[in-house]
Amino acid sequence: MKRFKFIFSVLLVSIILVACGSSTDEEGSANENSNLDSTEQKEESNTVNIEKTELNMALSVDPDGLDPHRTTAASTFQITSNIFDTLVTVTPDGEIDENLAESWGISDDGLSITFELREGVVFHNGREMTADDVKYSFERLKDEESPRSGDYANIAEINVIDHKTIEFVTDSLNVELLSNFAYPWAAIVPEEAAEDLRNHPIGTGPFKFEEWVPQQQLVLTKHTEHYDPASLETVNFKMMPDVTSQVSALQAGELDIIAVNGDLVGQFEGNPDYTILENRSNSIQLMAINTEHEALADQRVRQAINLAVDKQALIDTVWWGYGEEIGSHYPTMLKEYIDTNSVLSYNTDQAKALLEEAGYRDGLELDMYLPASYPAYVDAGQIIANELDAIGIKVNIEIVEWATWLSDVYTDRQYDLTVVGHTGRLDPYDLLARYHSENGENYFNYSHQRVDEILTLVQEEQDDAKRLDLYQELQQILAEDVPALYIQSPITLTVTASDVAGYTSYPIDIYQMKDVYFTNK
Amino acid sequence: MLSFIVKRLISGLTVLFFISIITFFVLRWMPGDPATLSLGTEGTPEKIAELQEVMGLNLPWYQQYYHWLQDLFSGDWGSSYVFGEDVMTLIIQRLPVTLLLAAVSMVIVIPFAFIIGIMSALFKERWVDYIARSLMQLGDAIPQFWLALIFLVFFASKLGWFPVAGYVGFDNGILASIHSVLLPAIVLAIGQVGPLIRIIRSSMLSSLEQDYMLMTQVNGLPKTLAIVKYALRGASIAPLTIIGMQLANMLAGAILVENIFALPGIGRLLLMTVEQRDLILLQGMLIFVTSAVVLVNILTDICYRLANPMIRFGGNHE
Amino acid sequence: MMEKLLQLEKVSIDDGLGRALIKNASLTIFQGEFIGIVGESGSGKTLTVKSALDLLPDHLVITSGVRQLLGKELNGLSSKDKRRLIGAGIGFVPQNTVVFLHPMIKIKHQMIDAYLYHIDNDKKQALKKASDLLEKVGIKEPKRVLNAYPKQLSGGMQQRVNIAMALMTDPKLIVADEPTTALDTVVQRQVMELFNQLNQSEGVSILFISHDLKIVKQFCQRMYVMYQGEIVESGETHEIFTNPKHSYTQKLLSLIPTLTNLSMDKFG
Amino acid sequence: MSKLRQHKLFSLGLFLVLVVISLCIVSFFYLPQDPNVMNTINRFQSPSKEFLLGTDQFGRDILSRIMISSRYALFIGLVSVFLGAVVGIVIGALAATANGWLETILMRFIDGLMAFPGILLAMMLVAVLGKGLWNAVIAIAIFMIPVFSRLTYSLVLDQKNQLYVKAARSYGASKSRIIFKHILPMILPRLITQFSASIGSAILIESSLSFLGLGVQPPNASWGLMLSESRQYMLTYAYLAVPPGIILMITVLGFNLIGDAWNDSIVSRRMAE
């Protein structure tokens, strides 16, 4: 049966691909702490409520197990980031910060990195953590059962220098090496508990695993010996797939934190009992175009499709305006982002003209596949289909289960159009690599010579400014060539009871519950 | 009696055999074989072939079926892709919620249906009957998922009489536990009450029309005695026959209701299993659920026999 | 003048849709009489008797006529009083032996209910009486029969139980609706002997409905002949048999041998 | 009295069904608005002269969508029950007249089908067959088979023991003659009753499937789908869930009432005999 677990975790590799946008789904709340609707004053004036230390938060899906080395599901890392620590961590602003490692140094050739570990860190089972645990953890992350092994194949040697010092030696230069130690899957685990991390995780993190009843709840309790102890004693994650239930439960005081859709914000607006947090997210949503389709191979047809869609109206309708229009495959919050919205802006006449020019005066028929588990994508797809109909492209919609979508659309690329989302990472290369004509995840079947060149160059380029230029050039090409209709970079909405403070979001998909506390209001 | 039980068990086993065949083939015919599905975006033809071999998917169907049955009987029901847990463990974990839901719902339905059904039969064509039959008709016609949504918004969310979602375990007290499933149980009950009232009413009516009721009249027995002792006795058995069906209906209702009320029961697990194509778990659950229905049918048949001297001693002459 | 136990005068019954089922039937039974009603299936024999015992199905309507039972006018009584009057004063032995006994209640409970209610609320006493009566109707193991369900008994046994049950309240009149149908000839004879004995030695009046003219001829003192809902002839049995006036009666009498063989029909 | 009431119920049922049927027929000739055209500026409108029942989350006219949906509901209801009934009756009659192993196999197979909680069987079948109108029809038809075969089976068995059949058999009438000439006419009224009542439940299953996303696919309209789409707006625009729910209830109620009234009249006719 072990084999099955492995297989399934491999399946979930793909889940990282479509992460947000679902009405009932919190993956993809990889956010920057740029609360548009800020709550800072409140946090200043209120003091920590030491009586109230139990927090209830809604999750719409169960985690895919709790072993961070054996899954790629965002739903797992949202929880395991509280149970396990990593060597370094990422701040809400996207900076790398110390965690289990207090300091680090990179060799001059850029090929090896040495970490000095924090003293006195103990696992939840009471044993002290040493450099050997770090070595074991990375070996486990690299072994064949790990879905991330490819990402860490570059690490050639792991050398324990003393019990608090460890060195990683890599094969080739990777300019974003350090970020690889900040992801929640680079968690440090104790060897003795490795067998059953999936159901009984043991780490060094600020919270201990208490109980998990699938589809019901998952309970964490405070790890008192953590170097930066949490304020909360208990965190209950309640599994509630239905938004209506979540909202009602928050209103009934059964929950303290939920994620909501734009239409529900109105329920809480102007109510002093709740705080609404709006966060830009490190993710984008798009309609992918299969460029191998006879008509869609023609750039003019793709451009016509882009011109036919009123993106802002689409965002207003499906996401209630909570999203930032994009013109290329890049989230607005990342520093490499350039605004490409004006490259092709909504113009149906121009769209019709282009279509005619391409030889499709009498129209065109395309098949669109939409993933059933993501209502927002289903809605967006219907609206786009409606708009394409107006320029003479007839779209047949088929709504498919996620599993079917993965196999038929994503893997076999048997589709013309599909609406989906992509989550970002800390390293822009990871986000864009799929546009390389040879890349296995290039489900657009996209092939562009200059794009391939850029994607090769950018890996070796050590000069930050030049790299930035390359990334921006790439964004520009995608905006003009339209391998996908880029829709928006979503803004996630979180509503908390107003006595909840310290809840922030991160550019990678994690929740840090240790900073959350209740105030005396 | 013993021979009847043996016969009934054999026929039950035959039913289970057909169920296993249906389940097996339906799941084999599902698009995307388990190996391809499991590998997702990582699937290459080689990897898939390798995995198919490991999973035994390249064997002829009868061998696959045989192996599957073998595992089933040896208690190895496999483990879920999604939860990584043993199928049996998962089912047993979920069962109490659904059982409690079904039990509470039954506790509401049975007395209500009996009272309404009997009154409706006794006061046939009078206002009690009209009300009862209207209730019955409405109960049959209201889509349960719609009712669940409306109840959720109105009673739980707006009025706050019930928890909005989720199940409270027994360790928080049995009353809290019941309270947490009460609203969904009422929704289920409304869906169940129609058929039950109908059968109680009609069996009561037919009992009232039996000649033995004439006998009580000729013997001058008071009406209440005649109804309680004679008519009711005659009418009490027929409802037993639909218990198996009611159970199946209730499980079907639970799929929708548990999902809307976020109750971690069998129904919710089932829908998730279908949605996520957790084939091993789905297989296990289908076998479990249908076996439960078959078993309940067998038990009610046996009880029916025991409770009904008409059949128990029947057949020796005509 | 002997006491009139039952009297119908010009009773007409309608099926609720305006079709007359019984037209102007008049019938009288005095104490100690053994009376027969004959007629073919559907002639209205059972219906006439049921109307006298207030047992008509709801959808049938008595359109006219007077019904007197044990000296009381039925129409003037409340339904409760009617039940009491009939229950205590009249025993009814039905035609269809299977359904008249409740299939799910033990014989003893069915037998003693009327006694407990009308005579004496003493269960022991009632059981003893039930046991005695069963013995009297020729059942050798009354204990076993009392504890049995109807299905465990043969048809003949069930009919004896019915008779014993009819006797539980010491009625003055027993109405027997084709009590020997579906019984083999030996049992048939025993049952008829029993009725005869009750009539002779205990003075119980018997109203006997049958299409079996031979039996009627043998046991009944007086008889009524029904045809298509009407009583076409009545009088002393031997007189009718020797000198039938109505053409239907004449035809009926000429068919005696064949009629007795046709005992399969289930409608009265 | 009883006749009158039956008549009234029947008329009510007929009236409700006729409302739905006329909605359906009218939809072929006239729709207030194009049911599929989105107009996001007009979304979530309350009922008005232009949109009699208001508009949905895409600004589509709810009344037009309800009218269009009635086509699917009636089509799926009638066709699936018809298919299920034909197959079910054949299996049931076959089982009741065949003896020995065939009877056992057929009825155990039917029992097996019946052990699947209704919607689950349909869900599984849709998963196998794929989504789409005809697949939903087939799934629901298969779901309907056990009801009809069990009913036919028991009715035929019941009739087999009736005197007239025994008599016919003793005269040497052939098996098929007994079934078609003697038994079928006797049980047909009960089967027709079941047919009418089943249409109601077939429509309910269709809507449940669509509610779960397994039936009629967007952008097409179906009552179940409309309810499913309204689900995420239950707190903000609860009104969206009202019209499709009510029309669904009316339809099911209508067919059930007709079936029941029919059934009652059969029963009372038999009693009168």
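Model, not experiment: these values are computed from the prediction. Only this structure's heavy atoms are used, side chains among them; waters, hydrogens and symmetry mates stay out. Chain identifiers are assigned alphabetically (A, B, ...) following the order of the sequence lines, protein sequences preceding nucleic acid strands; residue numbering begins at 1 within each chain.
When heavy atoms are compared at a cutoff of 4.5 Å, D/L212 approaches chain B solely by way of its side chain, counted from C-beta outward. In this structure, the portions of B/I142 lying under 4.5 Å from any heavy atom of chain D include both its backbone and its side chain. Residue contact with chain B, scored on non-hydrogen atoms closer than 4.5 Å, involves the backbone and the side chain of D/I105 alike. With a 4.5 Å cut-off on non-hydrogen atoms, B/N259 touches chain D through its backbone but not through its side chain. Residue D/F211 touches chain B through its side chain alone, counting heavy-atom pairs closer than 4.5 Å. Looking at B/N249, there are no atoms closer than 4.5 Å to chain D (heavy atoms on both sides), in backbone or side chain.
Across every non-hydrogen atom of D/L204 and B/D140, the tightest pair is CD1-O, 3.6 Å. Minimum heavy-atom separation, B/I19 to D/A115: CD1-CB, 3.7 Å. Nearest heavy atom pair, residue B/L149 against residue D/L227, reads CD1-O, 4.5 Å.
The CD1 atom of D/I142 sits 9.5 Å away from the CD1 atom of B/I22 when rounded to the nearest 0.5 Å.
Residues satisfying the ring-ring contact (aromatic ring centres under 6.0 Å, His included) criterion with B/F151, sequence neighbours excluded, are B/F155.
In summary, the side chains of D/N256 and B/Q137 do not present any donor paired with an acceptor at a separation below 3.5 Å, with no hydrogens or angles considered.
Of the listed residues (D/G200, D/A241, D/A197), the one with the most heavy-atom contacts under 4.5 Å to chain B is D/A241.
Within the structure, side chain to side chain donor-acceptor pair (under 3.5 Å) pairs that include any residue of residues 10-24 of chain B comprise B/R8-B/S11, B/S20-B/Y65 (at least two apart or interchain).
Ion pairing between B/R133 and D/D260 fails under the 4.0 Å rule for side-chain N and carboxylate O.
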